[in-house]
Amino acid sequence: MLALSFIRDHPELVREGARRKGETAPVDQILALDAERRRLVGEEERLRSEQRARSAEIGRSARAGAAPPPAVTAELTTLRGRVGELESRRQAADQELDRLLLEVPNVPHPSVPDGVGDADNAVVRRGGVPRAFDFPPRTHYDLGEALGIFDFERAVKIAGSRFALLRGAGARLERALAAFMLDVATRRHGYVEVSPPYIVHRACMVGTANLPKFEADAFHVAEGDRFLIPTAEVPVTNLYRDEILDGDALPIRHVAWTPCWRSEAGAPGLDTRGYIRLHQFSKVELVAFTRPEASLDQLERLVEDAEAVLQALGLAYRVRLMCAGDMGFAQWKKYDLDVWAPGLGRFLEVSSCSCFGDFQARRANIRFRPAPGERPQFLHTLNGSALALPRTLDAVLETYQAADGSIAVPEVLRAYLHGEDRIA
RNA sequence: GGGGAGGUGGCUGAGUGGCCGAAAGCGCCCGCCUGCUAAGCGGGUGACGGGUUUCAAGCUCGUCCGAGGGUUCGAAUCCCUCCCUUCCCGCCA
């Protein structure tokens, strides 16, 4: 969320930021409620101060052996009632203010271009060269079903639509991809691997801003009011919730390979064919915690770290800077990485790398102490996929297919497959 | 699942109704001392919010001792509910 003081001091920036994202922010309501709250706080505290002082007076005379005069205690009882009444009004205002603050979207960074949708996103660079085929390339689902490495029908029998099942070499290939991605992140780029819980408290979902606005996108576990994670971003960002970290410890960079669950409530009819958009998929996720002044540089680095995987796999891709209108609620600045899928003949989004500024840190209360003795302040959070497994697998299948429908295993994955170099 | 113990500041930990935002120690900061480092000596050091202030500092008021409620003129302290940690027993991959 944004700081109340920021909204108070720059209401126009907040309105403008929301407008650029195509959203609305209840700025006027917040300002009015804030004024009301401060009035109540002042009055409450004045009475409370009086109450404390006079009670202390009784305490002092009690130590001297005097009984409290009934008239005074009666008066203080009345005072307690008035304080209580003001307190509950103030609490109601606090609660409503918190609720409204959670609904204010992050303001896009000035370097984020204007725009309303996909067409306005700017391609900042391309990597790799799309492979030239001397035969019509097939889709991953055609290839995969023929090879017996996808079993969509049985997955639907087990769990319903938008679930998939990998078999044999398909399951092994995905595991090899994940292991390779984890090694790139940990050994080459220095991320610390974590294996977090896949079910989290509501507070974690609020911390990363998946709630309260987007509850319909999540799978809710009734037991204990918890949620299946939609991305490792949620448990990993919340690792340091309610903590004050040592400034010397920053940046902290983690990587996690986890399953992700999404209801895909807003996408009926989209990508229903193939191994593209599922209720459950796995993803290798990078998460970083930085000092405020370092976060935008860290974002560039995060993107490069994700690109490194695509480069090593020999896949063609592009990097796009998302326009304001295509950004999420919580993001300050965001890049997408899209891999070229020659069978489908289109790009597939395999990574989304975002910097949140202190938006998540404020919600999750993650702070750091810049130097010993200094006041704690909110740090900046970032995350990005490196990469989503299903679509990366799709791109590998489609890119490395042979005319006979077999798949060449990319060089870098062979060590993870005990030398297997072809899926046939 | 059954029974016991416990949750206090960055950390350890004292505190059973007012003199407690909280002893002591550690850590950290400033100064002194020392050829440097360490040791030693002295002082300081929680978070959040309101007011004051051009900003900051400062001053001032309030809240916070796991969370929420209650009793009381007054609660870290007494009562209730919940959450969590830990130990023993049971069950279990």
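Nothing here was measured: the structure is a model prediction, and the numbers come from that model. For the numbers below, each heavy atom of this structure counts, side chains included, while hydrogens, waters and symmetry mates do not. So you know, we letter chains A, B, ... as the sequences are listed, proteins then strands, and number each from 1.
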Open item on the list: Within residues 72-89 of chain A, which residues have any heavy atom lying less than 4.0 Å from an atom of RNA chain B?
Closed with: A/T73, A/L76, A/T77, A/R80
TODO: Counting Watson-Crick and G-U wobble pairs only, both distances under 3.5 Å, name the nucleotide matched with B/A75, or none.
DONE: none
Task: Residue closer to the 5' end of RNA chain B, A/P376 versus A/R54 (nearest nucleotide) - done: A/P376
Open item on the list: Applying a 4.0 Å non-hydrogen cut-off, can you work out what A/R367 is touching in the nucleic acid: base, sugar-phosphate, or nothing?
Closed with: sugar-phosphate
TODO: Send over the distance from A/E374 CD to B/A47 P, rounded to a whole Å.
DONE: 12 Å
Task: A/R291 versus A/P370, closest heavy-atom pair with distance - done: NH2-O, 3.0 Å
Open item on the list: Using Watson-Crick or G-U wobble geometry with both distances under 3.5 Å, which nucleotide pairs with B/G1?
Closed with: B/C89
Task: Gap in Å between the two P atoms, one belonging to B/A75 and one to B/C82, rounded - done: 24 Å
For nucleotides 50-55 of chain B, give me every protein contact, N/O to N/O, under 3.5 Å, one pair per line with atom names.
unit_1 : atom_1 : unit_2 : atom_2 : d
B/G50  : OP1    : A/R8   : NH2    : 3.3
B/G51  : OP1    : A/R38  : NH1    : 3.3

Task: For the student: nearest non-hydrogen atoms of A/L286 and A/V255, plus distance - done: CD2-CG2, 3.7 Å
Task: Separation of atom CG in A/D94 from atom P in B/G68, rounded to whole Å - done: 12 Å
Task: Per A/Q51 side chain, nearest of listed nucleotides B/G74, B/G18, B/A47 - done: B/G74
- [ ] Using atom CD of A/E44 as one end and atom C1' of B/C64 as the other, report the distance to the nearest whole Å.
- [x] 13 Å
TODO: Check whether any side-chain N or O of A/R46 sits under 4.0 Å from OP1 or OP2 of B/C61, and answer yes or no.
DONE: no
Task: Heavy-atom closest contact (A/S263 atom, A/A218 atom, distance) - done: OG-N, 4.2 Å
Task: Separation between the P atoms of B/G9 and B/A5, rounded to whole Å - done: 22 Å
Open item on the list: Going by side-chain contact (heavy atoms from CB on, under 4.5 Å), A/P251 matches just one of A/L382, A/D297, A/T290. Which one?
Closed with: A/T290
TODO: Please state how far atom CZ in A/R369 lies from atom P in B/U45, giving the value in whole angstrom units.
DONE: 14 Å
Task: Backbone of A/I58 reached by a side-chain donor or acceptor of A/S61 within 3.5 Å - done: yes
Open item on the list: Tell me if a side-chain donor or acceptor on A/Q280 pairs with a main-chain N or O of A/W261 at a distance below 3.5 Å.
Closed with: no
Open item on the list: Could you check whether atom CZ of A/R125 has more than 12 heavy atoms from other residues, nucleotides or ligands sitting under 6.0 Å from it?
Closed with: yes
Task: Whole angstrom value for the distance that separates P of B/A47 from CD of A/E243 - done: 17 Å
Task: Separation of the P atoms in B/G7 and B/U45, to the nearest angstrom - done: 27 Å
TODO: Please give the nucleotide sitting opposite B/G58 as a Watson-Crick or G-U wobble pair, both distances under 3.5 Å, or none.
DONE: B/U52
Task: Between B/U12 and B/U86 - P atom distance, rounded Å - done: 14 Å
Open item on the list: How many whole angstroms separate atom CD of A/E50 from atom C1' of B/G74?
Closed with: 15 Å
Open item on the list: Pairing check on B/U12: which nucleotide meets the Watson-Crick or G-U wobble criteria with it, both distances under 3.5 Å?
Closed with: B/A24
- [ ] Assess whether atom NE2 of A/H201 is packed by more than 12 heavy atoms of other residues, nucleotides or ligands within 6.0 Å.
- [x] no
Open item on the list: Between C1' on B/C82 and NE2 on A/H201, what's the gap in Å once rounded to a whole number?
Closed with: 13 Å
Open item on the list: Is it true that A/K333 and A/S354 share a donor-acceptor pair across their side chains at a distance under 3.5 Å?
Closed with: no
TODO: Take the protein atom OH of A/Y240 and the nucleotide atom C1' of B/G10, then report the distance between them rounded to whole Å.
DONE: 16 Å
Open item on the list: For the P atoms, the ones on B/U53 and on B/U63, what distance do you get once it is rounded to whole angstrom?
Closed with: 24 Å
TODO: Assess the pair A/F359 and A/H380: is the distance between their ring centroids shorter than 6.0 Å?
DONE: no
TODO: Provide the distance between the two P atoms, one in B/A24 and one in B/A14, to the nearest whole Å.
DONE: 15 Å
Task: Pair A/E264 + A/R262: basic N to acidic O under 4.0 Å - done: no
Task: Nearest listed nucleotide, side chain of A/R375, among B/C61, B/A47, B/U63 - done: B/A47
Task: Whole-Å P distance, B/G69 and B/G6 - done: 25 Å
- [ ] Answer with base, sugar-phosphate or nothing: what part of the nucleic acid does A/R60 contact at a heavy-atom distance below 4.0 Å?
- [x] nothing
Open item on the list: Please report the distance separating the P of B/C65 from the corresponding atom of B/G10, rounded so that it comes out in whole Å.
Closed with: 14 Å
TODO: Look at A/S55 and B/G18 and indicate whether a side-chain polar atom (N or O) is within less than 4.0 Å of OP1 or OP2.
DONE: no
Task: Nucleotide paired to B/U81 in any strand shown, Watson-Crick or G-U, under 3.5 Å - done: B/A67
Open item on the list: If you assign A/Q91 and A/R48 each to the RNA chain B nucleotide with the nearest heavy atom, which residue ends up on the more 5' nucleotide?
Closed with: A/R48
Task: Distance-only donor-acceptor check, side chains A/Q29 and A/E96, under 3.5 Å - done: no
